[in-house]
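Handing you a structure now.
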Amino acid sequence: MATRSPRSDRRNQVLSRERIVETAIELLDAGGEAAMTTRALTERLSTGSGAIYYRVGSREDLLDAATETLVTAALAVDSAAVSSSPEDEIRTVALALFDVIAEHPWLATRLTRQVVRKPFGTVTVGIFERIGRQVGALGVPRASWFDAASTLVHYILGAVSQNTAMEGDPPDGSHDRGAFLDATEAAWQDLDAEDYPFMHAVVSQLHAHDDREQFLTGIAVIVDGLTRLG
């Protein structure tokens with residue numbers, strides 16, 4: 001009897017949709033969207049492109065599936081408090097999204113695209129539902145629920161996107177934050193103090209700031225404003 005090659009054994013293993021999405025996420029984390037090609041997937045999974053298309057769909061479908069997998073897992077997090085306030089719940093959701101995007105920098109663009117282009121999709125409705133319930137609990141008038149929830153969601157996505165890799169940065173998000181802050185600090189210090197008094201006043205705070213805490217400060221400011229709508 002002819003023996004099977006290791007490659008044949010691997011091809012005959014059950015290839016699940018979950019495994020395909022998991023592999024896609026690994027490729028995206030390693031090199032961004034450019035690294036997540038059909039060829040890379042088929043080589044990593046030892047399968048053909050037809051099997052991937054059959055179980056997941058097109059490349060765009062796979063990117064959406066990877067986004068949905070990570071965001072759904074992030075939104076499943078519960079507040080640490082047994083009896084948490086709406087403010088605590090909003091912070092919990094916001095931080096969950098902040099952290100998952102910090103871990104997967106490519107996710108920022110995909111998540112924003114989902115919210116903008118697929119308002120009916122699982123990702124968008126999941127985020128809005130989780131945030132929206134707390135907006136109502138804050139006492140925001142029903143007529144302002146959509147605007148209030150949208151303000152929070154747009155802030156979260158915008159603020160998180162500022163902390164992800166920019167064009168020209170390493171796709172895995174490993175750019176040198178310290179060097180960037182050093183260069184920014186030097187540039188601000190070179191500004192004319194009379195023309196830019198505020199920039200000179202805050203330049204010493206640049207290195208000391210914490211992105212996560214700054215993000216939460218923004219959430220607190222927005223939530224405080226929303227409570228005044230009632």
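Atoms considered below: every heavy atom in the structure, side chains included; atoms not considered: hydrogens, waters and symmetry mates.
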Next item on the list: Mind listing the closest non-hydrogen atom pair of Val21 and Ala66 along with its distance?
Entry: CG1-CA, 3.8 Å
Margin query: If I take atom OG1 from residue Thr184 and atom CE from residue Met199, how far apart are they, to the nearest 0.5 angstrom?
Written below: 9.0 Å
Checklist line | Leu181 reachable from Val202 in the ILVMFWY side-chain graph, under 4.5 Å edges | finding: yes
Notebook entry, point to check: Would you say Phe198 has more than 12 foreign heavy atoms packed within less than 6.0 Å of its CZ?
Noted result: no
Note to self: In the structure I gave you, are the side-chain heavy atoms of Leu15 and Arg55 within less than 4.5 Å of one another anywhere?
What the structure shows: yes
Check: Where is the tightest heavy-atom contact between Thr124 and Gln114, given as atom of each residue plus distance?
Finding: OG1-O, 3.1 Å
Item checked: Pairwise distance CD(Glu185) to OG(Ser204) - rounded to 0.5 angstrom -> 8.0 Å
Notebook entry, point to check: Taking atom CG of Asp99 and atom CD of Glu103, what is their separation to the nearest 0.5 Å?
Noted result: 8.5 Å
Margin query: Run the side chain to side chain donor-acceptor pair (under 3.5 Å) test against Glu87 and tell me which residues pass, sequence neighbours left out.
Written below: Ser85
Check: Where do Leu28 and Glu33 land on the side-chain contact (heavy atoms from CB on, under 4.5 Å) test, with the steps shown first?
Finding: CA-CA 6 Å; Leu28 288 162; Glu33 287 194 30; 4.0 Å; yes
Notebook entry, point to check: Can Val115 and Thr112 be said to form a side-chain contact (heavy atoms from CB on, under 4.5 Å), step by step?
Noted result: CA-CA 5 Å; Val115 171; Thr112 300; 5.9 Å; no
Notebook entry, point to check: So which pairs with a foot in residues 133-148 pass side-chain hydrogen bond (donor to acceptor under 3.5 Å, both in side chains), sequence neighbours left out?
Noted result: Glu129-Arg133
Notebook entry, point to check: Between Leu97 and Val160, is any pair of side-chain heavy atoms under 4.5 Å apart?
Noted result: no
Item checked: Atom pair CG/CZ of Leu157 and Arg113 - distance to nearest 0.5 Å -> 13.5 Å
Checklist line | Taking every non-hydrogen atom, the tightest pair across Arg17 and Ala65 | finding: NH2-CB, 3.6 Å
Notebook entry, point to check: Are side-chain heavy atoms of Arg59 and Met36 found at a separation under 4.5 Å?
Noted result: yes
Margin query: Do Ile156 and Ile219 have side chains that approach each other closer than 4.5 Å (heavy atoms only, starting at C-beta)?
Written below: yes
Margin query: I'd like to know whether CZ of Arg110 has more than 12 heavy-atom contacts from other residues, nucleotides or ligands below 6.0 angstrom.
Written below: yes
Item checked: Straight-line distance of Ile131 CD1 to Ser150 OG, nearest 0.5 Å -> 11.0 Å
Item checked: Heavy-atom side-chain contact between Trp188 and His200 under 4.5 Å -> no
Next item on the list: Take Asp210 and Gln214 through the side-chain contact (heavy atoms from CB on, under 4.5 Å) test and state the conclusion after the steps.
Entry: CA-CA 6 Å; Asp210 180 275; Gln214 189 179 73; over 6 Å; no
Margin query: Within the 3.5 Å criterion, strictly below it, is a donor on Asp64 or Thr67 matched to an acceptor on the partner's side chain?
Written below: no
Item checked: N/O donor-acceptor pair under 3.5 Å between Thr109 side chain and Trp106 backbone -> no
Checklist line | Same apolar cluster: Leu45 and Tyr53, side chain cutoff 4.5 Å | finding: no
Notebook entry, point to check: Do Glu22 and Arg44 sit within salt-bridge range, that is, some charged N less than 4.0 Å from a carboxylate O?
Noted result: no
Next item on the list: List for me each residue that meets ring pair (Phe, Tyr, Trp, His ring centres under 6.0 Å) alongside Tyr155, sequence neighbours excluded, and say none if there are none.
Entry: Phe215
Notebook entry, point to check: Just wondering, do Glu60 and Leu63 contact through their side chains at under 4.5 Å, heavy atoms?
Noted result: yes
Notebook entry, point to check: Are Val221 and Leu226 linked, directly or through other ILVMFWY residues, by side chains that come within less than 4.5 angstrom of each other?
Noted result: no
Next item on the list: Could you tell me whether the side chain of Ile20 reaches within less than 4.5 Å of the side chain of Thr23, counting heavy atoms only?
Entry: no
Next item on the list: Work out which heavy atom in Gly132 is nearest to a heavy atom in Ala149; give both atom names and the distance.
Entry: CA-CB, 4.3 Å
Next item on the list: Go through the steps for Ile127 and Leu111 under the test side-chain contact (heavy atoms from CB on, under 4.5 Å), then give the verdict.
Entry: CA-CA 10 Å; Ile127 293 174; Leu111 180 54; 3.7 Å; yes
Margin query: Give me the atom names and distance for the closest heavy-atom approach of Leu27 to Ala35.
Written below: O-CB, 3.7 Å
Notebook entry, point to check: What are the two closest non-hydrogen atoms of Val125 and Pro119, and how far apart are they?
Noted result: CG1-O, 3.6 Å
Check: Heavy-atom distance under 4.5 Å between the side chains of Val71 and Leu75, does that happen here?
Finding: yes
Checklist line | Gap separating the OG1 atom of Thr227 from the CD1 atom of Ile222, nearest 0.5 angstrom | finding: 12.0 Å
